[in-house]
Amino acid sequence: MELTINPAESLRGKVAVPGDKSVSHRAVMFGALAEGITEIEGFLAGEDCLSTVSCLRKLGVRIDETGEGRLQVHGKGLHGLEEPGEALDVGNSGTTIRLMLGILAGQGFFSVLTGDQSIRRRPMARVTLPLAKMGAQILGRQEGNLAPLAVRGGNLQPIAYESPVASAQVKSAVLLAGLYAKGVTEVNEPYVSRDHTERMLRAFGAKVERAGTRVAVEGFPLLKAQRVKVPGDISSAAFFLVAGSIVRDGEIRLTNVGLNPTRDGILTVLAEMGASISRENLTEVSGEPVGDLIVRPAGLTGVKIGGSMIPRLIDEIPVLAVAAAYARGVTEIRDAAELKVKESNRIAAVARELVKLGVRVEELPDGLRIWGGKPLRGADMESSGDHRMAMAMAVAALGAQGTSRIRGAEAAAVSFPDFFAALRRLYP
Ligand code: S3P
C-alpha cells in the first residue's frame, strides 16, 4: 500500500495510543502458564501480539475476545501446554519467537517455530545458546541461529547467564525457561533492558529478584491468573511526540502512556533537545507507571547519545533520527549496532530514507550521524516492511516541503493498526 502524506503546519488533538506491545505479549503468555482465567484490558490487537495469541492457541490454550482490547486467557498452568500438530508461525514478531523459545524449552514435547522473511533472517543464537546450556535441544540453520527452529524441551538445569547484549527478549527467554528449572536461574546484562517480564512475573506469583543489571528467578512457582491493564505504548506515542515538536503550531495530548523508566529514554533525550513535553495524571496501573503527555512545538537542537541510554529508547531511534533531521546542529547516535538486526536494518534504512528527503546522514558501524536543521523536501520513501520505519517516515514528511509517498505503509499494522487515521485526525 502506498500512502500520500502532505506536510502539516499544525497538529492538534488527543490520541489514545494503543496498548503496549511488550506488555500485551507477556500478559497473554503468562496468563497461559497461570492457573485460572487472566483478564486483559487494553490489549494491543496489532499483528505481532495476534501472532502470540495464535501460537498459544495452537498449544491448546483457550483465548476469548470479550470486547475491544479485552481478552480472557484460560490458563493451563505451568504444565498444561499441549504438543502442537503444526508449526507455530510468529509472523514478524521477534518478541513472540524469542519468548516462546523460552517457554517451549521447558516443555517435554516437540515444536517448530517459524515466521516471515524478516524473522527468518534475524539472529536467534542469542536465545538458543543459553537455552541449550539449560538442556533444551534446538535445531535450526546456522547451528540453531535461524528460524525455522525445532525445539525438544524439558529437563532443564538452572544457569547463571552473562548475556553479551542488553536485550529484554534474551533476558525474558532465559527467565521463562528458568520457570522450568529446579533452583535459581540468573541473567546478567551489560545495561538494564526493559523490565516488564520481571514486574509481571512477580505479579503472577513468581519469585523474581533484581540487583542492578542482574535478575534471578526461582523455578516451578505457582502462577496465579491476574487482571492486567495494559498501558499505552510509549513507542507508539513517540511518533506523535516528534510530530508535535517539529510542526509550527498546535498541541497533542497523548493519554494513558506507559512511563516505565526502562522505556522512557525518548522523553529524556527529546527534553535535552529542547522539546516541550509535559506530564499530567501520573498514576500506576498493573505495576506500571502511566500518565498523559502533552507536546507542543519547539525548536530542537542536536544531541549525542549512547551507552545505557540506548536500551531505554532502542525502538524509538528511527523517529528520533527524524527529530534530529529537524534539529539544529549534529546528532550522534552510538552503541546502537542492535538496530541492524531489528525488523529491518534500521541504520541502513533510516540513512537511505532521510537522504531521499535531502538530509545529510552518515551511517556508522554502531549508529548514525545526522546533520539537521536544513529544509527537507518531500520524497518517495519505503518502509522496508518495517512498521517503525513506515511511521517514522510519515512523521518526517510532515515538516518537508511538498508531498511525500510511503510504499509499504501497511507495515504499521504490526504495532499500530490505526496510526495513519490517528495522524490524519490531528490535521486542522
Ligand atoms: C522487546 C525487546 C526489544 C525491543 C522489541 C520488544 C520486548 O528487543 O526492541 O521491540 O518486548 O522484550 P531486544 O530484546 O532484541 O532488544
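First listed ligand is number 1; within each ligand, the first listed atom is number 1. Note: hydrogens, waters and symmetry copies are ignored here, and every other heavy atom, side chains too, is used. Since this is a predicted model, take the numbers as computed values, not measurements.
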Lining ligand 1 at under 4.0 Å, by non-hydrogen atom distance, are residues K21, S22, R26, T95, R98, S167, A168, Q169, R194, I314, D315, K342

Exercise for the section: Check the pair V290 / L259 against side-chain contact (heavy atoms from CB on, under 4.5 Å), numbers first and verdict last. Expected result: CA-CA 5 Å; V290 301; L259 299 173; 5.6 Å; no

When you compare the side chains of S235 and R263, does any donor N or O come within less than 3.5 Å of an acceptor on the partner? yes

Sequence neighbours excluded, the answer for side-chain hydrogen bond (donor to acceptor under 3.5 Å, both in side chains) partners of E410 is none

Self-check item: Under 3.5 Å side-chain donor-acceptor pair for S193 and K171
Solution: yes

- State whether a side-chain donor-acceptor pair under 3.5 Å links T197 with R26. yes

d(R210 CZ, D195 CG) to nearest 0.5 Å is 5.5 Å

